[in-house]
Amino acid sequence: MPSSKGYATSDKHSPLAPFSFTRREPGATEIAVEILYCGVCHSDLHMARNEWGQSIYPLVPGHEIVGRVTAAGSAVTKFKAGEIAAIGVIVDSCRQCAPCKRGEEHFCQEGVTLTYASKDRVDGSITMGGYSNNYVVDERFAHTVPANLDLAGVAPLLCAGITTYSPLRHWKVGPGMKVGLVGLGGLGHMALKFAHSFGAHVVQFTTSLRKKEDALRLGANEVVLSTDANAMKAHANSFDFILDAVSAQHSLDDYLALLKQDATMAVVGLPEQHPTFDAFNLITRRASIAGSMIGGMPETQEMLDYCGRHNITADVEVIPIQKINEAFERMLKQDVKYRFVIDMSSLNSLK
Ligand code: NAP
Ligand code: ZN
Ligand code: ZN
């Protein structure tokens, strides 16, 4: 059994701390990966602190994984030992239901197996995430990485990247559209890069005016301080699409009032307290509120290949794993530009 070390939390109040465990040997269609980098998603913080009420402890977070294949099962066709592989939020699904057959494994009718805090379909153990030195996964749930991209900047694509790429594609964001993005964090800054790359007119909403220059550099055509009521009003009834990637409780009303007739606001943020809205803001413009969750395996590969062609990666601050608790606190203070990524070689200094 591959022995693993990582950082785990033992309950919702405790900081992350060194933790040892074992993973199973890779089966015929599975690969074992030595993790090089793992991004720090706000979902890791929600889960470490059981803010969604579904956490299982001890909990090793991490689902933005890039690593090197160390072993490949006899039936593996996509990878050879020594190659780079990437793993995201899902590591298994039923593979039989209609969404799975369509390659929309994230909507599996039997429920997905998440990268951590989920029951493993193969051996019934609880999955342990990427804040660790290795992972074992079926090749269907691992992706190839374009060779031209910086690997630390690739890691966040596996969650922040696909979670924003997918809805922007689904709602056909492109030239001639005015698109609003709410929250300039890990997800938000990837949404900004993609929406700009897809050719839309992009307006970034933020509560942090200090991020204005960055937003313009990342591709925003306009930046609006969302607490400035007059600045918000100036955009009333003008958006074709708005994507909300906010991690804390807030009202959707300020943004719904900015949608054109028949337009959609899609939510990807998952705050502990649910967002609120006033139905008047929907009925007076026949607007829709929608949601979106990561993406299926084919679309995740499509997104990575798109990033390779357009040279898109996340803006990252690389940290040693010993700084993970500090990184969580800084994320809560909106003090991250724009994704922390753990350099997993820092685990080597652990006994
Ligand atoms: P993040 O890096 O912490 O960014 C969140 C952003 O939300 C902040 O940068 C900030 O933007 C804004 N914000 C924070 N507190 C706020 C407040 N009190 N009022 C208004 N705005 C506030 O988080 P992330 O990793 O991008 O994740 C964002 C959310 O998406 C999380 O809830 C996460 O769990 C969820 N998520 C969902 C999916 C999915 O599949 N749907 C996948 C991954 C993550 P400004 O400073 O610009 O205001
Ligand atoms: Zn995530
Ligand atoms: Zn399924």
Side-chain angles (χ1 to χ4, degrees), residues 1-11 14-27 30-49 55-72 79 81 84-92 113-139 141-143 145 151-152 154-160 316 318-328 331 339-351:
M1 298 256 275
S3 68
S4 306
K5 55 186 176 181
Y7 264 49
T9 180
S10 51
D11 59 69
S14 300
L16 291 158
F19 177 68
S20 296
F21 56 103
T22 53
R23 299 194 188 271
R24 61 190 151 73
E25 295 291 346
E30 292 183 323
I31 55 172
V33 172
E34 176 201 358
I35 300 177
L36 301 174
Y37 295 102
C38 185
V40 179
C41 179
H42 207 114
S43 301
D44 297 341
L45 192 157
H46 292 310
M47 283 292 286
R49 300 183 179 178
S55 301
I56 303 171
Y57 299 99
L59 185 147
V60 178
H63 57 209
E64 294 184 335
I65 298 169
V66 173
R68 194 174 294 285
V69 177
T70 52
F79 300 97
I84 297 296
I87 305 163
V89 178
I90 298 176
V91 292
D92 209 351
T113 306
L114 296 168
T115 310
Y116 60 86
S118 210
K119 192 170 173 191
D120 189 306
R121 282 179 149 84
V122 177
D123 65 8
S125 66
I126 299 302
T127 56
M128 301 286 177
Y131 294 6
S132 62
N133 60 342
N134 55 23
Y135 209 92
V136 174
V137 67
D138 191 287
E139 66 169 337
F141 295 87
H143 309 280
V145 174
L151 293 183
V154 164
L157 301 179
L158 277 299
C159 178
V316 302
V318 177
I319 57 164
I321 198 156
Q322 290 79 1
K323 291 239 160 125
I324 185 60
N325 294 303
E326 196 182 305
F328 271 14
M331 190 155 60
R339 195 58 137 190
F340 292 114
V341 170
I342 305 166
D343 177 348
M344 219 48 77
S345 66
S346 57
L347 265 178
N348 294 337
S349 57
L350 289 185
K351 295 270 161 3

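- When all heavy atoms are compared, the tightest approach of Met128 to Tyr135 is O-CE1, 3.0 Å.
- Nearest heavy-atom pair across Ala85 and Val145 is C-CG2, 4.5 Å.
- Arg68 places none of its side-chain heavy atoms less than 4.5 Å from the side chain of Val33.
- Residues Thr115 and Thr127 form no side-chain contact, since every pair of their non-hydrogen atoms from C-beta on lies 4.5 Å or further apart.
- Closest heavy-atom contact between Ala160 and Arg339: CB-NH2, 3.6 Å.
- Evaluation of the side-chain hydrogen bond (donor to acceptor under 3.5 Å, both in side chains) rule for Ser10 yields no partner, not counting sequence neighbours.
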Quiz item: Would Phe340 and Val316 count as a side chain to side chain contact (heavy atoms under 4.5 Å, CB included) if you check the C-alpha gap in whole Å, the side-chain angles of each, and the deciding distance to 0.1 Å?
Solution: CA-CA 6 Å; Phe340 292 114; Val316 302; over 6 Å; no

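- Asp44 and Tyr116 are linked by a side-chain donor-acceptor pair at a separation below 3.5 angstrom, with hydrogens and angles left out of the test.
- Residues Ser4 and Asn133 meet the side-chain proximity criterion, which asks for heavy atoms closer than 4.5 Å.
- Ser125 contributes atom OG, which lies 10.0 Å from atom CZ of Phe21 (distance to the nearest 0.5 angstrom).
- For Asp123 and Arg24, the salt-bridge test passes: some basic side-chain N is under 4.0 Å from an acidic carboxylate O.
- From Gln322, atom CD reaches atom CG of Leu347 across 7.0 Å, with rounding to the nearest 0.5 Å.
- Taking the six-membered ring for Trp and thresholds of 30 and 60 degrees, His46 and His42 have ring planes inclined between 30 and 60 degrees apart.
- A donor-acceptor pair under 3.5 Å links the side-chain atoms of Ser346 to the main chain of Ile321, judged by distance alone.
- Among all heavy-atom pairs drawn from Ile87 and Phe141, the shortest one is CG2-O, 4.1 Å.
- For the pair Lys119 and Gly124, the tightest heavy-atom approach, listed with the atom from each and the gap, is CG-O, 3.8 Å.
- Side-chain contact check for His63 versus Cys159: some heavy-atom pair is nearer than 4.5 Å.
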Practice problem: Go through the steps to decide whether Asp92 and Asp138 satisfy the test side chain to side chain contact (heavy atoms under 4.5 Å, CB included), and finish with yes or no. | Solution: CA-CA 7 Å; Asp92 209 351; Asp138 191 287; 5.6 Å; no

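- Inter-residue side-chain proximity for Asp343 and Tyr37 is flagged as met; some heavy-atom pair is nearer than 4.5 Å.
- The side-chain heavy atoms of Val122 and Glu30, taken from C-beta on, include a pair separated by under 4.5 Å.
- Rounding to the nearest 0.5 Å gives a distance of 7.0 Å between OG of Ser118 and CD1 of Ile56.
- Ser345 and Asn348 share no donor-acceptor pair across their side chains, judged by distance under 3.5 Å alone.
- The closest donor-acceptor contact from the side chain of Thr70 to the backbone of Ala32 lies under 3.5 Å.
- Using a 4.5 Å cut-off on side-chain heavy atoms (C-beta onward), Ile342 and Ile35 make no contact.
- Considering only heavy atoms from C-beta on, Tyr131 comes within 4.5 Å of Val40 through its side chain.
- Closest non-hydrogen pair, Thr9 versus Ser14, comes out as OG1-O, 2.8 Å.
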Exercise. Might you work through the side chain to side chain contact (heavy atoms under 4.5 Å, CB included) test for Ile31 and Val137, ending with a clear yes or no?
Key: CA-CA 6 Å; Ile31 55 172; Val137 67; 3.9 Å; yes

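- Distance check: Met344 CE to Ser132 OG gives 6.5 Å after rounding to the nearest 0.5 Å.
- Rounded to the nearest 0.5 Å, atoms CD1 (Ile65) and NE2 (His143) are 10.5 Å apart.
- Atom CG of residue Leu59 and atom CZ of residue Arg49 lie 12.5 Å apart, to the nearest 0.5 angstrom.
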